Asker: 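One structure, as structure tokens, below. Some questions next.
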Amino acid sequence: MVLFDLILGLLLVVLVQKCLSVTDLFGAVISFMAFGLLMAVAWVRLEAPDIALAEAAIGSGLTGALLFSTLGRLPHSEARQPIASRTVGSGPGYWLAAGFWWVSIMLLSVAFFLSLLELQAPGLGGYLQERLSESGVLNPVTAVLLNFRSLDTVMEIAVLLLAVAVVWSLGTVGWPAKQKLSLPLLVGLVRLLTPVFLLVAFSLLWRGNHAPGGAFPSGAVLAAASILLLLAGKTIRIYPLTMFWLRWVLAAGLLVFVLAGMSLMFAGYGFLVYPEQWAGTMILIIEVSAGVSIGAMLMALYIGGEPDFHAG
Amino acid sequence: MADWIPVVIIFGPLLAAVLVFTQTVRGVTATLVTGGILLIGLVALGGEVSGQGPWLTWQPGGWPVPLGLRWQADFFSVAMLAMTFLVAVSGGLFAIGFLPAAMPSAARHFWTLWLFTWAAMNSLLLAADLFNIYVGLELMALAAVGLISLTRETEALQAAMRYFLVTLFGSMLYLLGVALLYGQYGMLDQAALAAVIEHGLANGVAAVLMTLGLLVKTALFPVHFWLPSAHGKAPVPVSALLSAVVVAVCFFVMYRLWSGLFFVFLAERPAMVLGAIGLASILWGGMQALRQQRLKMIVAYSTIAQFGYVMLVFPVFVADGAAFLAWHGTAMMVLAHGLAKASLFFAAGCLSIAHGHDRIRELTGGGGRLGWVWLAFALAAASIVGLPPSGGFVGKWWLLQAAVLGEAWFWVVVMVLAALLTGSYMYRGLEAAWRPAPPVEAVRPVPAIMVAVTLFCAVGSVAMGFLAVPLEGFLGRTFQPLPIAGG
């Protein structure tokens with residue numbers, strides 16, 4: 001296994017190098033996705049299956065889809081053209097600054113790696129196991145994300161919603177989106193796969209209670225299913241009322257989480273303090289709404305821009 | 001302890017943002033109602049801190065540290081929250097006049113992003129957990145990027161993209177440092193870590209990485225380069241919020257780290273390095289401000305110089321003359337700078353609406369509303385320069401006093417020179433006010449609400465000087481440089 005890990009680590013470095021040095025953007029995206037997949041394998045080797053799931057689904061899959069959709073928007077020549085090597089600067093001032101940064105970054109990196117050697121890595125595993133039974137779930141990762149450090153998770157969902165708001169503020173896309181691929185097999189495949197995707201998303205959500213899974217991977221699978229539908233040309237017509245519902249679905253995850261926290265506070269338990277016998281149920285409700293919202297938000301990011309049904 | 005206070009302060013603006021996003025509530029209404037609710041929250045928080053201070057702490061989620069996370073507040077947090085409140089509400093009022101005139105199509109998105117930024121700033125001012133701070137920094141940065149790019153002009157988009165990449169780089173550095181600390185102690189709470197941290201390579205590297213990350217976000221030399229274009233090209237209310245508060249919040253996080261968690265490292269040499277960064281920022285920001293042709297760019301560059309000035313607290317503090325006075329002076333400077341800087345940006349915005357541009361050579365004085373704008377500009381500039389009796393003066397005076405008492409003569413000279421430099425570039429902007437006014441019909445009317453807000457912020461930053469005595473009493477009573485672990 002040592003050999004396997006060694007090869008894995010080496011491949012990761014090679015892929016990063018390739019991703020950064022390759023001259024066409026298309027190649028860079030491919031290397032980046034391959035890097036994400038191998039990174040997921042590395043997380044499995046580090047016995048962190050939750051992170052592996054997230055890395056594969058979001059880090060490689062969805063980010064890859066986002067990058068491809070960006071490439072699709074660039075003028076065709078630009079996406080395939082080699083990135084022009086620009087001269088950033090010249091003259092003694094430039095070299096002085098560049099030298100200064102190079103030396104500082106090198107020194108900092110060396111110090112960083114040396115300090116990794118002296119880490120004691122106690123972690124929080126001990127505390128976690130002690131209190132896990134009070135958290136309402138059996139999977140320690142879910143317990144941390146949805147109970148012990150739920151505040152972080154609320155804010156992360158807020159970051160995702162904010163990302164959608166920022167993308168929408170940048171412009172609109174005509175609807176129905178013209179992203180259909182003309183692959184004859186795709187429609188049939190999608191017809192076959194969509195129920196499977198839904199099942200997987202639901203099972204990931206349900207498993208989150210006792211095994212790796214939860215709202216983020218589940219949302220990513222939902223988003224993947226919707227992207228495939230979109231590529232197969234199975235889009236819905238959008239009316240003003242649809243936009244109304246879409247906005248609420250996007251916001252639901254954050255709203256349910258925050259309002260649950262606040263109602264617990266007004267009920268006398270404290271903000272986001274779940275009473276022990278209800279903890280499991282509350283976490284499930286929050287996870288389901290968050291999962292659906294995350295799916296919708298990732299989908300919205302992929303579409304890029306506020307759907308403009310007038311243009312369609 | 002009143003549990004609802006931090007929840008309202010952080011999640012009030014966040015819920016408002018979501019309601020505006022879903023188009024349930026209009027942006028202006030949401031912002032003003034949030035302001036009203038937050039005012040109650042802030043008054044209650046001020047009462048709690050002065051009654052039960054110096055430190056208040058809460059446990060959202062109800063789990064004890066190290067498993068759960070904490071919010072914390074002392075008098076400085078309350079003062080920063082109040083300054084954030086004032087600038088966010090003033091900026092909102094300013095935007096009521098500004099948006100229809102300057103960017104009607106972006107108005108809908110403006111309010112969502114504005115409220116998101118507000119929530120993120122409030123959460124950073126209360127967070128005690130290092131990872132929670134990271135999430136807050138991400139939220140704030142992303143919202144700021146959205147706000148900068150609202151005009152969709154090429155220059156603004158480029159500035160926003162550059163800010164996005166640079167600030168993400170800063171976040172990564174910060175997160176690397178946090179990971180090192182977590183790997184060392186298995187904890188993320190600032191106070192809990194402060195109690196156990198010792199000298200060592202990993203901790204030292206963590207301190208360097210986290211400080212560097214925050215220096216990038218505070219835009220200090222040599223990692224300042226993104227600020228002038230980002231703050232200069234953004235819509236006016238956004239520039240005000242970014243320069244007055246967002247940058248100050250990043251400094252606040254750095255200040256919290258160095259007065260608590262990294263306090264053991266605050267020896268002579270690190271303090272000198274931080275001071276040198278401040279000195280370089282003062283010189284660079286000041287010299288560049290002197291060379292600018294546009295009023296808004298002068299104001300943007302002055303942010304770099306002024307936060308350079310604020311960094312001088314570290315060398316003055318270790319000079320050990322009157323350490324507390326140095327902290328108080330810094331707090332006062334950051335607060336007064338916030339209001340004054342907001343007012344300067346507002347004034348530049350009013351002038352560019354009136355004249356159609358903000359090129360200093362072609363700006364003129366004028367009567368009526370423009371006269372009030374120039375008055376506001378002069379007052380705010382006086383506070384930035386540090387003329388008595390403004391808030392800026394009190395802050396700089398306290399810091400100078402601390403330096404004299406500590407016999408840190410080099411830094412005394414730096415401060416005096418910095419004041420001269422600030423005076424010079426501020427005067428360059430102000431000079432235009434003396435030019436004879438053009439005929440009335442050549443000047444476009446400025447909405448009254450914009451002028452009123454500009455004047456309000458300027459008067460506020462000067463009036464803070466008159467509050468110096470009660471403020472120092474407050475600071476002296478409740479302001480401890482070392483957070484005491486609680487809860």
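Fair warning: this is a prediction, and the values are worked out from it, not measured in the lab. All chains are named by letter (A, B, ...) in the order of the sequence lines, taking the proteins before the strands, and each is independently numbered beginning at 1.
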Asker: Quick one: of A:L117, A:L128, A:L272, who has the most non-hydrogen atom pairs under 4.5 Å with chain B?
Answerer: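 Top count of heavy-atom pairs under 4.5 Å with chain B: A:L272.
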Asker: Is B:Q288 close to B:H224 at the side-chain level, that is, under 4.5 Å between some pair of heavy atoms?
Answerer: no
Asker: Would you mind checking which part of A:E130 comes under 4.5 Å of any heavy atom in chain B, side chain (CB onward), backbone (N, CA, C, O), both or neither?
Answerer: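 Neither part.
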Asker: Give, for atom CG of A:L284 and atom CE of A:M282, the distance between the pair rounded to the nearest 0.5 Å.
Answerer: 11.0 Å
Asker: What's the spacing between B:I148 CD1 and B:L113 CG if we round to 0.5 Å?
Answerer: 11.0 Å
Asker: Examine whether an atom of B:A143 lies under 4.5 Å from a heavy atom of chain A, and if so say whether it belongs to the side chain, the backbone or both; otherwise answer neither.
Answerer: both
Asker: How many angstroms lie between atom CD1 of A:I283 and atom CG of A:N147, to the nearest 0.5 angstrom?
Answerer: 4.5 Å
Asker: May I ask you to name which of B:W63, B:F110, B:F21 has the most heavy-atom pairs under 4.5 Å with chain A?
Answerer: B:W63
Asker: Determine whether more than 12 heavy atoms belonging to other residues, nucleotides or ligands lie under 6.0 Å from atom CD of B:E155.
Answerer: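 Open.
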Asker: Which atoms of A:V154 come close to chain B, meaning under 4.5 Å heavy atom to heavy atom: side chain ones, backbone ones, both, or neither?
Answerer: side chain
Asker: Contact part of A:W168 toward chain B, heavy-atom cut-off under 4.5 Å: side chain, backbone, both or neither?
Answerer: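 Looking at A:W168, backbone and side chain both touch chain B.
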Asker: For B:L188, which atoms come within 4.5 Å of any heavy atom of chain A: side chain, backbone, both, or neither?
Answerer: side chain
Asker: So for atom CZ, which belongs to B:F169, do other residues, nucleotides or ligands contribute more than 12 heavy atoms lying within a distance under 6.0 Å?
Answerer: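 No.
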Asker: Please look at A:L250 and chain B and tell me whether the side chain, the backbone, both or neither of the residue comes under 4.5 angstrom of a heavy atom of that chain.
Answerer: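 Interface part for A:L250: side chain.
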Asker: Counting heavy-atom pairs under 4.5 Å with chain B, which one of A:L170, A:L264, A:L255, A:V164 comes out on top?
Answerer: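 Ranked by contacts with chain B, first place is A:L170.
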Asker: Contact part of A:V159 toward chain B, heavy-atom cut-off under 4.5 Å: side chain, backbone, both or neither?
Answerer: both
Asker: Please flag which part of B:V135 lies under 4.5 Å from any non-hydrogen atom of chain A: side chain, backbone, both or neither.
Answerer: both
Asker: Quick one: what part of A:A163 sits under 4.5 Å from any heavy atom of chain B, side chain, backbone, both or neither?
Answerer: both
Asker: On a heavy-atom basis, which atom in B:L150 and which in A:S169 lie closest, and how many Å separate them?
Answerer: CD2-CB, 4.1 Å
Asker: Is the count of non-hydrogen atoms from other residues, nucleotides or ligands lying under 6.0 Å from B:W226 atom CH2 greater than 12?
Answerer: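 For B:W226, atom CH2 is crowded (more than 12 foreign heavy atoms under 6.0 Å).
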Asker: Check each atom of B:P222 against the heavy atoms of chain A and say whether the ones under 4.5 Å are side chain, backbone, both or neither.
Answerer: both
Asker: Measure A:L254 against the heavy atoms of chain B and call it side chain, backbone, both or neither at under 4.5 Å.
Answerer: side chain
Asker: So how far is it from B:Q190 CD to B:L69 CG, rounded to the nearest 0.5 Å?
Answerer: 12.0 Å
Asker: Is the number of heavy atoms from other residues, nucleotides or ligands under 6.0 Å of B:R26 CZ greater than 12?
Answerer: no
Asker: Under a 4.5 Å heavy-atom cutoff, which of A:G125, A:G126, A:G171 has the most pairs with chain B?
Answerer: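 Top option by heavy-atom pairs under 4.5 Å: A:G171.
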Asker: Examine whether an atom of B:L157 lies under 4.5 Å from a heavy atom of chain A, and if so say whether it belongs to the side chain, the backbone or both; otherwise answer neither.
Answerer: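 For B:L157, the contact with chain A is made by the side chain alone.
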Asker: Quick check on A:M155 against chain B: is it the side chain, the backbone, both or neither that has a heavy atom closer than 4.5 Å?
Answerer: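 For A:M155, the contact with chain B is made by backbone and side chain together.
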Asker: Within a strict 4.5 Å, meaning less than it, do heavy atoms of the A:S293 and A:I157 side chains meet?
Answerer: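 Heavy-atom side-chain distance check fails, nothing below 4.5 Å.
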Asker: Please find the pair of heavy atoms, one from B:N203 and one from B:Y185, that lie closest to each other, and give the distance.
Answerer: ND2-OH, 3.0 Å
Asker: Side chain, backbone, both or neither: which part of B:T24 has a non-hydrogen atom closer than 4.5 Å to chain A?
Answerer: side chain
Asker: For residues 160-177 of chain B, which residue pairs qualify under side chain to side chain donor-acceptor pair (under 3.5 Å), counting only residues two or more places apart or in two chains?
Answerer: B:E138-B:S171, B:T167-B:K217, B:S171-B:K217
Asker: Name the region of A:L259, side chain, backbone, both or neither, that has any atom closer than 4.5 Å to a heavy atom of chain B.
Answerer: side chain
Asker: Kindly compute the distance separating CG (A:L298) from CZ (A:F216), expressed to the nearest 0.5 Å.
Answerer: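 Separation between the atoms: 9.0 Å.
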Asker: Please classify the contact between B:L139 and chain A as side chain, backbone, both or neither, with a heavy-atom cut-off of under 4.5 Å.
Answerer: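 Contact with chain A: backbone and side chain both.
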Asker: For a 4.5 angstrom cut-off between non-hydrogen side-chain atoms, does B:Y182 reach B:L130?
Answerer: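 Sidechains of B:L130 and B:Y182: no contact.
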Asker: Who in residues 7-20 of chain B is close to chain A, using a strict under-4.5 Å heavy-atom cut-off?
Answerer: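 Listed by number, the contacting residues are B:V7, B:F11, B:L14, B:L15, B:V18, B:L19.
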Asker: At their closest point, which heavy atom of B:V205 faces which heavy atom of A:A111, and how far apart are they?
Answerer: CG2-CB, 3.6 Å
Asker: So which part of B:T22 gets closer than 4.5 Å to some heavy atom of chain A, the side chain, the backbone, both or neither?
Answerer: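 It is both, since atoms from each part get that close.
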Asker: Between A:F100, A:F266, A:W101, which shows the greatest number of heavy-atom pairs under 4.5 Å with chain B?
Answerer: A:W101
Asker: Looking at every heavy atom in both A:I286 and A:S289, which two are closest together, and how far apart are they?
Answerer: O-OG, 3.0 Å
